[in-house]
Number of protein chains: 2
Amino acid sequence: MTMLSARQIKVLQAVIEEYIHSGEPVGSRTLSRSSAFQLSPATLRNVMADLEDEGFLCQPHTSAGRIPTDLGFRFYVNNLAGFTSVSAAAQLQIRARLEVAGGRLEEVLHDGVLTLAQLTPYVGVVSLPDFRQMIIRHIRFVKLHECRILAVVVSVSGAVQNILFDSETSLSQDQLNRFSNYLNALLGNLTLSGVKRKVLKEMANDKRGYDELFAQVLALSKSFFAKDPDQQSDVMLDGKLNLLEHPEFSDVERMKGIFKAFEEKGSILKILDGALGGEQLRVIIGAESCCEEMRHCSLVTAEYGREDRILGQIGVIGPTRMDYSRIIPLVNYIADAMSRRLQN
Amino acid sequence: MTMLSARQIKVLQAVIEEYIHSGEPVGSRTLSRSSAFQLSPATLRNVMADLEDEGFLCQPHTSAGRIPTDLGFRFYVNNLAGFTSVSAAAQLQIRARLEVAGGRLEEVLHDGVLTLAQLTPYVGVVSLPDFRQMIIRHIRFVKLHECRILAVVVSVSGAVQNILFDSETSLSQDQLNRFSNYLNALLGNLTLSGVKRKVLKEMANDKRGYDELFAQVLALSKSFFAKDPDQQSDVMLDGKLNLLEHPEFSDVERMKGIFKAFEEKGSILKILDGALGGEQLRVIIGAESCCEEMRHCSLVTAEYGREDRILGQIGVIGPTRMDYSRIIPLVNYIADAMSRRLQN
DNA sequence: GTTAGCACTCTTTGGGTTTAAGTGCTAACG
DNA sequence: CGTTAGCACTTAAACCCAAAGAGTGCTAAC
């Protein structure tokens, strides 16, 4: 990519901001009039033609103004966007909302996307962490019915999983309590599968306790660990309707594609966790998501988590013509607030 | 309403079935040709004009064919629709799906709507029962952190609620277990608020046990019962995208309205539980739902439950031009299968 | 390097016409 | 009397065409 001159950059920025604002292709005349350029339309045409050659702009058709390409937007967010600070009202709403939220992880996350959907005209999105990778704080067994047992597993971050399974023999609630205590004593910064390994190892070592109780415990542990938690990972979306307000989605087919991607959440999840381990805040523009249905959408997401552990991504999905200057700081802010909230 | 002649009825039926099939206004000519009427278009026109006067048919505009009104459809489902039996393939799929489902109520319901969304070109919908009205089978407390306690409440129908709350004093897991046992011993065909009342009464009576433990238990019980379960009642929807395939929803504004109603589930819930205590199977056609956004939709729903207790409604939402003959038996079948499944 | 001018392209808009479908009405028919 | 054929009428949709509007690229002059 060749270097852009200062003037080219200024023009590019003006085109993009005008386009973000109006949603319509921007032509040389409007540009020359609106912005404080001291240049004639003709000159701007030349500059814009160059920018088109470089791939930053394109035209829907000859005789229409220019609109930014994905590359144009990319250049904009990387170099040009001036980030406005989060409005006091928004800050207030975010903090108020998060304080009210109950302690369950799901509730906190849900409040997060809801807030984003309310503060922006876009879709709020959050990826729930894979439960299998969470560190377990507590496991408890509840006898429901004969052999049917409910395991309640709580992670340090406050995620609660209910896992229903059948034991081979009927156990009393007292026995289950004893087993719970045993398990909880040896948890300790382990994930569920870590616990599983540890339990099996302990049992192999600890031959002394091979009494009847212990055999039962082993059996129970086998049937419990055989069953995976059903929520492996998932995404939550809110404010899908917001998208309908944007003119670029008045095309029914396009909308259908996007909603389809929303419905089978797998593809969204793949995008969110795709470049996992990258930067703390990510902007994915149009085709960069490598998801055909999402070609006309951008995502702005940030990691949230507790301490040094990343739990997932939270952010928004909107048209590529997104108000990046406002959204990027906002997403950043909310991810931060949420991480702090989960620290408690 | 004046009585309809046999011929009028036959014509009405033909018009409706043709319209359900084609989706387009049906005129006298097509009717005369297709159906085995031995009548000329002119005669049919006369009949149709009468039916329009009676309010069963209407025209989008002069010089268009007729389409059935809500009243027309109503007459059709009440008197005319011949119900086809559920196809063997569908029966198989429903049973297979339900067998696989885990034991949690939510899972069973989710499988239900999913199946409906797959077997029909409409939206599957189910109303989750209000947890506050469910009979409680089991309550268990899990100590998470100092005063923070997780209550796991399981209903007889398999619904699991996690309720997070704070106790005033720090209690050990052992104490919590004892309290759990105490509570579970006195459950017995009561709802959560029933349990609450009973506990408070028991404690008032049972002065003898007013020792330290008992004071704690009372305190805990107070903070626990103060907190309502967060899932009061709710609806689950699946297959929203199916609706996009129907021509009557290609109008963007109309679609937007419907999706808005879907998003804020309250209005759907109101429709579902509106005529609660009515018939086992209900068909709500167009404006009968009294929900402006749903003016062009019909609902076919049936009660599901266990034993004599109704838990909620399951069914589909589609255009008023719905294939009632097929859908009504299908919804009936699945509600039945689900009720049996919940019996286990 | 910048700009005015100009011919050109392409979409959008609007009017007008035609086509197709279907109606209501009337008069004839068995 | 019910039924039917015929016909004039209505309306939406499809189509065409012309004009308008916006914007471009290019060239020549400043």
Side-chain angles (χ1 to χ4, degrees), chain A residues 3-12 14-16 18-19 21-69 72 247-248 250-252, chain B residues 3-12 14-16 18-19 21-69 72 247-248 250-251 254:
Chain A
M3 203 60 190
L4 293 182
S5 74
R7 190 168 70 175
Q8 284 178 313
I9 290 180
K10 246 184 96 182
V11 171
L12 179 58
V15 170
I16 292 182
E18 176 63 26
Y19 179 69
H21 182 254
S22 74
E24 313 230 303
V26 14
S28 55
R29 174 174 270 102
T30 43
L31 203 59
S32 146
R33 232 176 311 150
S34 79
S35 199
F37 285 114
Q38 295 303 33
L39 296 173
S40 74
T43 312
L44 288 171
R45 277 204 286 280
N46 289 331
V47 180
M48 287 162 90
D50 292 347
L51 286 169
E52 180 165 2
D53 288 344
E54 300 290 341
F56 295 106
L57 297 178
C58 68
Q59 310 177 265
H61 54 267
T62 12
S63 95
R66 258 73 173 207
I67 61 178
T69 60
E248 39 264 88
S250 53
D251 177 69
V252 180
Chain B
M3 204 59 187
L4 293 183
S5 75
R7 189 168 72 176
Q8 283 177 315
I9 290 179
K10 247 185 96 181
V11 171
L12 180 58
V15 170
I16 291 182
E18 178 62 28
Y19 178 69
H21 182 254
S22 73
E24 312 228 305
V26 12
S28 56
R29 175 174 268 102
T30 42
L31 203 59
S32 146
R33 232 176 310 150
S34 79
S35 199
F37 286 115
Q38 296 301 34
L39 296 173
S40 74
T43 313
L44 289 172
R45 277 204 287 281
N46 288 330
V47 180
M48 288 162 89
D50 292 347
L51 286 170
E52 181 165 0
D53 287 344
E54 300 289 340
F56 295 106
L57 298 178
C58 67
Q59 310 179 263
H61 54 266
T62 12
S63 96
R66 257 73 173 207
I67 61 178
T69 60
E248 38 264 88
S250 53
D251 177 70
R254 188 177 295 183

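Below, chain A is the first sequence line, B the second, and so on; all start at residue 1. All of these numbers come straight from a predicted model, not from anything done at the bench. In what follows, every heavy atom counts, from backbone to side chain, and hydrogens, waters and symmetry copies are set aside.
The CG-P distance, from B:Asp50 to C:dG24, rounds to 10 Å in whole Å. Between the P atom of D:dT24 and the CG atom of A:Leu51 lies a distance of 12 Å, rounded to the nearest Å. C:dA21 atom P lies 17 Å from atom CD of B:Gln59, rounded to whole Å. Protein atom CG of B:Leu44 is 13 Å distant from nucleotide atom C1' of C:dT23, rounded to whole Å. A straight line from CD1 of B:Ile67 to P of C:dA21 spans 19 Å, rounded to a whole angstrom. Between the CG atom of A:Leu57 and the C1' atom of D:dT24 there is a distance of 14 Å, rounded to whole Å.
Side-chain atoms of B:Leu51 and B:Leu4, non-hydrogen and from C-beta on, do get closer than 4.5 Å to each other. The shortest distance between side-chain heavy atoms of B:Ser32 and B:Leu39 does not fall below 4.5 Å.
Counting all heavy atoms, side chain and backbone alike, B:Pro68 lies closest to B:Tyr19 at CD-CD2, 3.4 Å. Pairing each heavy atom of B:Gly72 with each of B:Ile16, the nearest pair is O-CD1, 3.4 Å. Nearest heavy atom pair, residue B:Leu57 against residue B:Val15, reads CD2-CG1, 3.8 Å. B:Pro60 and B:Gly65 make their closest contact through CD-O, 3.5 Å (heavy atoms, listed as atom of the first residue, atom of the second, distance).
For residues 21-31 of chain B, proximity to DNA chain D is found at no residue, defined as any non-hydrogen atom under 4.0 angstrom from a strand atom.
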Symbol by symbol from the 5' end, with Watson-Crick or G-U pairs under 3.5 Å, [ ] crossing and | another strand, DNA chain D is ||||||||||||||||||||||||||||||
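The side-chain contact (heavy atoms from CB on, under 4.5 Å) search around B:Asp251 returns B:Glu253, B:Arg254, not counting sequence neighbours. Applying the side-chain contact (heavy atoms from CB on, under 4.5 Å) rule to B:Ala49 yields the partners B:Arg66; only residues at least two apart in sequence or on another chain are considered. Scored by the salt bridge (charged side-chain N to carboxylate O under 4.0 Å, His left out) test, B:Glu24 finds no partners at all (sequence neighbours excluded). Residues that satisfy the side-chain hydrogen bond (donor to acceptor under 3.5 Å, both in side chains) test with A:Thr43, not counting sequence neighbours, are A:Ser40. Checked against side-chain contact (heavy atoms from CB on, under 4.5 Å), B:Ser5 has the following partners two or more places apart in sequence or in another chain: B:Arg7, B:Gln8.
Between the side chain of B:Ser63 and the base of D:dT11 there is at least one donor-acceptor pair of N/O atoms closer than 3.5 Å.
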- Could you walk me through whether A:Val11 and A:Phe37 pass the side chain to side chain contact (heavy atoms under 4.5 Å, CB included) test, one step at a time? CA-CA 9 Å; A:Val11 171; A:Phe37 285 114; 4.1 Å; yes
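Remark: side-chain polar atoms of B:Ser28 are not paired, donor with acceptor, to backbone N or O of B:Leu44 under 3.5 angstrom.
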Anything under 3.5 Å between a protein N or O and an N or O of nucleotides 1-5 of chain C, put it in a table, one pair a line.
| residue | atom | partner | partner atom | Å |
| --- | --- | --- | --- | --- |
| C:dT2 | OP1 | A:Arg7 | NH1 | 2.8 |
| C:dT2 | OP2 | A:Arg7 | NH1 | 3.1 |
| C:dT2 | OP2 | A:Arg7 | NH2 | 2.8 |
| C:dT3 | OP2 | A:Ser40 | N | 3.1 |
| C:dT3 | OP2 | A:Ser40 | OG | 3.4 |
| C:dT3 | OP2 | A:Thr43 | OG1 | 2.6 |
| C:dG5 | O6 | A:Arg45 | NH2 | 3.3 |

Show each protein N/O and nucleotides 12-14 of chain C N/O combination with a separation under 3.5 Å, one pair to a line.
none

